[in-house]
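Worth knowing before you read on, the calculation uses all heavy atoms, side chains too, and leaves out hydrogens, waters and symmetry mates.
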Amino acid sequence: MSFLQPWMLYASPLVALPVLIHLVSRRRFQTRPWGAMMFLLQAERLQRRMAKIRRWLILALRTLAVAALLLAACRPLASNLLGWAASSTDTTVLIIDRSPSMEASGVGERTKLATAEFQLLDALEKLPSRRYVVIDNVQSVPQEFDRVDDVRQAEIFRPVDAPANIPQLVEQAVAYIRDHQPGTVEVWLCSDLQRSSWRPEDGLWNLLHQRIQQLRQRVRFHLLAYPDTPRTNRCVRVVAAKPHTEEDAGRKRTTLRLSFTIERTGPASSAPETVPVKITLDGATTTVPVELHGPRAEFHHHELPLVAHADAGWGSITLPADTQPADDVSYFIYGTRQERHVVLVTTDAKSSRPIEIAASVTPDGETASEVLRVAPHTLQEQMLRDAAAVFWCAPLPQPEAAASTWLNRYVERGGQIVFFPSRQLIAAEGVPSGSFAGVTWQGWHDVEPVVANHWRSDQDVLAATESGRGLPVGEVTVQGYASMQSAQRWSVLASLPNGAPLLARLPRERGNVYFWAVSPDPKHSNLASDGVVLYVVVQRIIAQGYQAFHGAAQREARSPQVEVTNWRRVISHRPGWSSEFEATAGIYEVGSQLMAINRPPGEDEIDRVSDDEIDRLFADIPLTRLEQVTGSLGGVVREVWRIFLGGMVAALILEAILSLPAARGNH
């Protein structure tokens, strides 16, 4: 039980006051034998037993009245699930899901996130804590606060369009507790239980169980959940926006072919409906009536006129407002697609052939792609000028060589470089003396077949897909690997059972530098023969470089990766801090580029994790679940002193009734 004024419990000995008064009162009277009273006592002997019971009841009611008054003065707290709230804690950790699905509204048009803000801050004001730590799906580091008012003023409950990775957020909370070693800890987790956010099949949950059980502190989790889904909802998503030019009576006619989908959920999702769709193109808005005849409607090549000289621009599609406003708008950009240019530096064309094939394929099947294969000594700086990525399968360049200078300039502009072990290193012809960014090869090691035992599935090139399905990194078999050493700190994205890095990334201000410890040669790994991981990694790296060097780009909202310095908002349906532009849907100018940011597809899903899955994920971990209704104004923690005060009044009334003298008849 928790109390707002626990110091009043020091007065608990006062509960014995009625008993003490009763004992003192009995000593005030002395018994003296008197002959005339003997007949009266004999007459009342039959009623003495009932009188004794009544006296004990009166004493008990007086004691209960004092106890109830004392408890009411302590101002006890209770949760809405009739369980007692947690005791005073040293640190309270708040895990906030700010994803688009938390913007669904309920009673009184209050959203899930706004309801969570009201109920959570109300609970924190009643539950004392020395420190408050906030972790959300936007900020990269935990934020510390000393007071509840500081948490409220920080506006951490502002909705964004970036997805939430619940196991990763819990991992950050556990890491904070482990590193800072606070006393007792309460962790409040606010979420709508969306499956794409919780990722119940993610292997990170098993690792979290071990880390939580190894903590020295007493940690208890409170899940503040809003699992209700909007009764009816529409969502829109742009699939493609491509300029198209054709001859019409000897004149060129340029149009924008727009393809988009509209999905409906709810009881009336199959009923015919006409929806006014607002289409904005380069600032000009038109409204088009759209006929819907089922849960999902696809519209292909809806044509909009374009100015003949317009080679790039932006736009949006907006549906009428409903209970889930985050999915009522989708942004797009259009422009002339430029050829993807990739540079492959190699001294062994045969072993690097899988990389060349993976880089030559384009996801849309329409954008032209060129893979330029060169030897290290024939590399020229102009080859790197507009390259989406550089794959280096040769000895590392010498620090003083011109190639090293060119590569550093390329990375500073936002380029992507991936290094693979060279043929000379594998052939044990001596460890090459070259290095790049402080990284050197240390030697080649032939081993019995092993597989990666740890990799980062929450971020970077090995991240799971938006549906939550992870890459089969654990199926990559290694028969040989290169050991490497770095003069600066790097991020290990995947490692082997002996702890050696399998894939590492060096932190750079703009571009990225990756080092693979294995070769795609089938003699040393199945990276090429089971090429899912290799293909996905190559395509993601090329996509990162293409976005950095070419004018128009589509991107899903995500947590900000770098500090925003040159972004300018063109249009967005929600306000946002400049530091959260990458997490907020809209159209932005990034330098000379146009960027369209939209919510991830997983945010349109309505599947929720079940109670059984929650029990499995938090097995053997103290957890209190508080399922709430969106829009509710009721607090999750409430004062119950009125109950005790009412009990005191009832006890005094019963005591007064029992203390009334017995009615006497007329004789």
Side-chain angles (χ1 to χ4, degrees), residues 99-101 103-104 158-163 233-244 254-264 274-292 296-307 310-337 466 547 551-558 564 567-578 580-590 592-604:
S99 61
S101 60
E103 204 174 353
R158 181 189 296 270
V160 294
D161 296 284
N233 183 51
R234 306 185 202 94
C235 65
V236 63
R237 184 171 295 276
V238 175
V239 178
K242 299 179 180 179
H244 176 72
T254 304
T255 60
L256 179 69
R257 290 186 171 180
L258 192 62
S259 300
F260 58 95
T261 62
I262 297 178
E263 296 186 14
R264 296 187 295 171
T274 301
V275 178
V277 177
K278 185 170 64 174
I279 302 178
T280 301
L281 183 61
D282 295 324
T285 301
T286 58
T287 301
V288 179
V290 173
E291 298 287 340
L292 303 179
R296 177 182 173 87
E298 298 181 359
F299 303 90
H300 299 283
H301 296 171
H302 178 80
E303 292 193 351
L304 298 171
L306 280 180
V307 179
D311 57 354
W314 57 270
S316 65
I317 297 182
T318 307
L319 299 179
D322 55 23
T323 57
Q324 176 60 296
D327 57 16
D328 291 340
V329 60
S330 182
Y331 300 94
F332 64 88
I333 54 175
Y334 66 89
T336 303
R337 298 287 291 180
E466 291 301 332
Q547 290 179 356
Q554 301 272 11
R555 180 182 294 180
E556 295 175 1
R558 62 181 182 180
V564 174
W567 286 50
R568 185 183 73 84
R569 190 203 324 266
V570 177
I571 184 176
S572 179
H573 67 284
R574 68 165 97 250
W577 301 108
S578 60
E580 297 181 350
F581 279 167
E582 285 189 274
T584 306
I587 303 293
Y588 300 90
E589 284 185 359
V590 185
S592 60
Q593 305 177 25
L594 275 178
M595 184 78 69
I597 295 182
N598 285 292
R599 69 191 183 281
E603 291 300 317
D604 294 341

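Scanning all heavy atoms of the two residues, the minimum distance from Val160 to Ala583 falls at CB-O, 3.5 Å. The two residues Gly313 and Asp282 have their closest heavy-atom pair at CA-OD1, 3.3 Å.
At a threshold of 4.5 Å between non-hydrogen side-chain atoms, the residues Leu258 and Ile279 count as touching. When side chains are defined from C-beta on, Val570 does not count as touching Tyr588, because their heavy atoms never get closer than 4.5 Å. Side-chain atoms of His573 and Pro325, non-hydrogen and from C-beta on, never get closer than 4.5 Å to each other. At a threshold of 4.5 Å between non-hydrogen side-chain atoms, the residues Pro600 and Pro163 count as touching. Residues Val239 and Thr261 are in side-chain contact: their nearest non-hydrogen atoms beyond the backbone lie under 4.5 Å apart.
Ser572 and Thr584 share no side-chain donor-acceptor pair at under 3.5 Å.
The distance from the CG atom of Asp161 to the CZ atom of Arg574 is 4.0 Å, given to the nearest 0.5 Å. Expressed to the nearest 0.5 Å, how far CD1 of Ile333 lies from CE of Met595 amounts to 7.5 Å. Atoms CG and CG, from Leu306 and Leu256 in turn, are 5.0 Å apart once rounded to the nearest 0.5 Å. Atom OG1 in Thr255 sits 13.0 Å away from atom NZ in Lys242 (nearest 0.5 Å). Note that CD1 of Ile262 is 5.0 Å distant from CZ of Phe299, once rounded to the nearest 0.5 Å. Put simply, CZ on Arg237 and SG on Cys235 are 7.5 Å apart, with the number rounded to the nearest 0.5 Å.
Ion pairing between a basic and an acidic side chain is recognised when a charged N comes within 4.0 Å of a carboxylate O; Arg555 and Glu582 show such pairing. The residues Asp604 and Arg599 are annotated as salt-bridged, a charged nitrogen and a carboxylate oxygen being separated by less than 4.0 angstrom. Salt bridge Arg569/Glu589: absent, no basic N to carboxylate O contact under 4.0 Å.
Under the 30°/60° scheme for interplanar angles, the aromatic rings of His302 and Phe260 are found to stand perpendicular.
Residues satisfying the side-chain contact (heavy atoms from CB on, under 4.5 Å) criterion with His300, sequence neighbours excluded, are Ser259, Glu298. Scanning for side-chain contact (heavy atoms from CB on, under 4.5 Å) contacts around Asn598 gives Ser330, Tyr331, Gln554, with sequence neighbours left out. For Asp328, there are no salt bridge (charged side-chain N to carboxylate O under 4.0 Å, His left out) partners two or more places apart in sequence or in a different chain. In this structure, the side chain to side chain donor-acceptor pair (under 3.5 Å) partners of Arg257, at least two apart in sequence or on a different chain, are His244, Glu303. Taking the ring pair (Phe, Tyr, Trp, His ring centres under 6.0 Å) definition, one finds that Phe332 meets it with nothing, sequence neighbours left out.
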Atom pairs and distances, donor-acceptor, side-chain atoms in residues 314-322, under 3.5 Å, two or more places apart:
| unit_1 | atom_1 | unit_2 | atom_2 | d |
| --- | --- | --- | --- | --- |
| Asp322 | OD1 | Gln324 | N | 3.0 |
| Asp322 | OD2 | Arg234 | N | 3.1 |

